[in-house]
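Presented below is the structure to which this report refers.
What you see is a predicted model, and the numbers here were worked out from it, not measured in a lab.
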Amino acid sequence: MEEKESSKDYLIIDNMGRVKVPSQLLEHANIHSSAAIQFLNYKDYIVMKQVEFPPVLLEENKDKNLIRTIDNLGYIVIPKILREIHDIDLHDEIEAKVLNESIIFEKKREQNKSPGLLKGYIEPELSELSLLQIKSGRIKLPDFVLKSLNLEEHMQLQFFIKGPDTIVAKKHSYKFLTEGKLFFTGQSRVIKKDKYLNIPKKLRIYLNIHSGDILEIKTIGEKLIIKKAIENDTLV
């Protein structure tokens, strides 16, 4: 999938830890004023994306899920813990651009300190990243996921685990043996009408996933990679 990138801007962190996001970037990322915004740390980047939360859930999970609200002028506070991780101080400049309906922030680097080829490898991977909220054990798969994995409604997916924090879903096959570092869980689910996929309860418990949590979803080869978005506790 080609990187969906709009214009690029350099923003300045103000005295309150805020940035003013240009309206052009907000429009490309489909972000509206007064929206709930989910932040997460992704390698060299800070990622923000609009999410949908009921009012009560937003209040209860504001700190846990690094959620902030963007005002009608485009100002939003970048969580302090993420600024510290990326060594971003007040009045620093950060690069901002749109990838896959997320706005990506990166600290402005001096030319001789550019990550060079490393950045080239990261950005295509990041362009495949989606942040999805899980509700009643289900997520709605984006069209780019279905297209890249050649999936349709009513197809069955098998679930594997990789390490302590990753679920991998693949098209159903009759090969149930361990595949490299993937371990078959014995769980499978069908893609439901309207592109919904149920994450088995056993695996939600494994990743400590609850209704309202945000998941990182991306595709690698023929695999759908599912991880829980980083929370405050894991960032410290």
Side-chain angles (χ1 to χ4, degrees), residues 1-53 58 61-133 142 144 214 216-218 229-232 234-236:
M1 179 178 177
E2 294 184 1
E3 179 181 314
K4 178 185 176 182
E5 180 176 339
S6 64
S7 60
K8 183 187 300 183
D9 288 89
Y10 287 103
L11 312 179
I12 298 177
I13 306 289
D14 70 9
N15 289 328
M16 300 172 63
R18 306 179 306 172
V19 292
K20 187 178 189 302
V21 185
S23 59
Q24 181 184 13
L25 295 188
L26 295 175
E27 181 179 351
H28 279 283
N30 196 28
I31 293 176
H32 309 287
S33 61
S34 302
I37 302 298
Q38 169 74 42
F39 282 92
L40 77 152
N41 181 52
Y42 190 82
K43 298 185 179 179
D44 292 333
Y45 301 87
I46 297 172
V47 182
M48 63 171 275
K49 184 179 179 68
Q50 180 171 316
V51 290
E52 300 293 334
F53 284 90
L58 175 59
N61 290 275
K62 182 175 179 180
D63 293 329
K64 176 183 176 184
N65 286 317
L66 296 179
I67 295 166
R68 301 295 183 267
T69 302
I70 191 164
D71 69 19
N72 58 4
L73 296 178
Y75 283 98
I76 189 165
V77 175
I78 296 180
K80 183 178 180 180
I81 191 168
L82 293 180
R83 302 199 310 269
E84 291 175 345
I85 287 173
H86 293 272
D87 193 28
I88 296 172
D89 298 318
L90 301 182
H91 309 298
D92 276 354
E93 286 186 294
I94 58 174
E95 179 182 324
K97 60 185 176 181
V98 175
L99 285 171
N100 194 33
E101 292 196 345
S102 295
I103 294 181
I104 312 302
F105 298 120
E106 181 187 19
K107 184 175 180 178
K108 185 178 180 181
R109 301 173 182 270
E110 298 177 11
Q111 289 187 356
N112 61 351
K113 295 184 179 181
S114 171
L117 291 177
L118 177 63
K119 186 173 181 180
Y121 286 115
I122 292 175
E123 288 193 351
E125 178 182 351
L126 189 58
S127 73
E128 301 286 349
L129 176 68
S130 279
L131 304 178
L132 303 180
Q133 184 184 23
F144 87 85
I214 303 298
E216 299 178 20
I217 308 294
K218 62 183 176 181
I230 293 177
E231 299 177 357
N232 239 352
T234 59
L235 288 174
V236 177

To the nearest 0.5 Å, what is the distance between [atom1] ([X]) and [atom2] ([Y])?
| X | Y | atom1 | atom2 | value |
| --- | --- | --- | --- | --- |
| I67 | Q38 | CD1 | CD | 5.0 Å |
| I13 | L11 | CD1 | CG | 7.5 Å |
| F39 | I81 | CZ | CD1 | 13.5 Å |

* To do: Could you point out which residue of I76, I70, V21, V98 forms a side chain to side chain contact (heavy atoms under 4.5 Å, CB included) with I31?
  =>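 Checked I76, I70, V21, V98 against I31; only one passes side chain to side chain contact (heavy atoms under 4.5 Å, CB included): I70.
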* Hey, which of L40, V19, I37 is the one that makes side chain to side chain contact (heavy atoms under 4.5 Å, CB included) with M48? -> I37
* Count the heavy atoms belonging to other residues, nucleotides or ligands that lie under 6.0 Å from CD of E84, then report whether that count exceeds 12. => yes
Using the test salt bridge (charged side-chain N to carboxylate O under 4.0 Å, His left out), find all partners of [X] that sit at least two apart in sequence or belong to another chain.
| X | result |
| --- | --- |
| E93 | K108 |
| D87 | K107 |
| R18 | D14 |

* **Side-chain heavy atoms of I94 within contact of I46, under 4.5 Å** =>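 SC-SC contact between I94 and I46 ruled out.
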* Asked: Under 4.5 Å between any side-chain heavy atoms of L132 and P142, yes or no?
  ->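 Side chain of L132 against side chain of P142, heavy atoms only: contact under 4.5 Å found.
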* Structure fact -> Heavy-atom nearest pair, A29 first then I103, reads CB-CG1, 3.7 Å
* Structure fact -> Across all chains, not counting sequence neighbours, the side-chain hydrogen bond (donor to acceptor under 3.5 Å, both in side chains) partners of D89 are none
* **Sidechain-backbone polar pair: R83 side chain, I78 backbone, donor-acceptor under 3.5 Å** =>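 Confirmed, R83 side chain pairs with I78 backbone.
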* Look at the side chain of E106 and the backbone N and O of D44, then say whether any donor-acceptor pair between them is shorter than 3.5 Å. => no
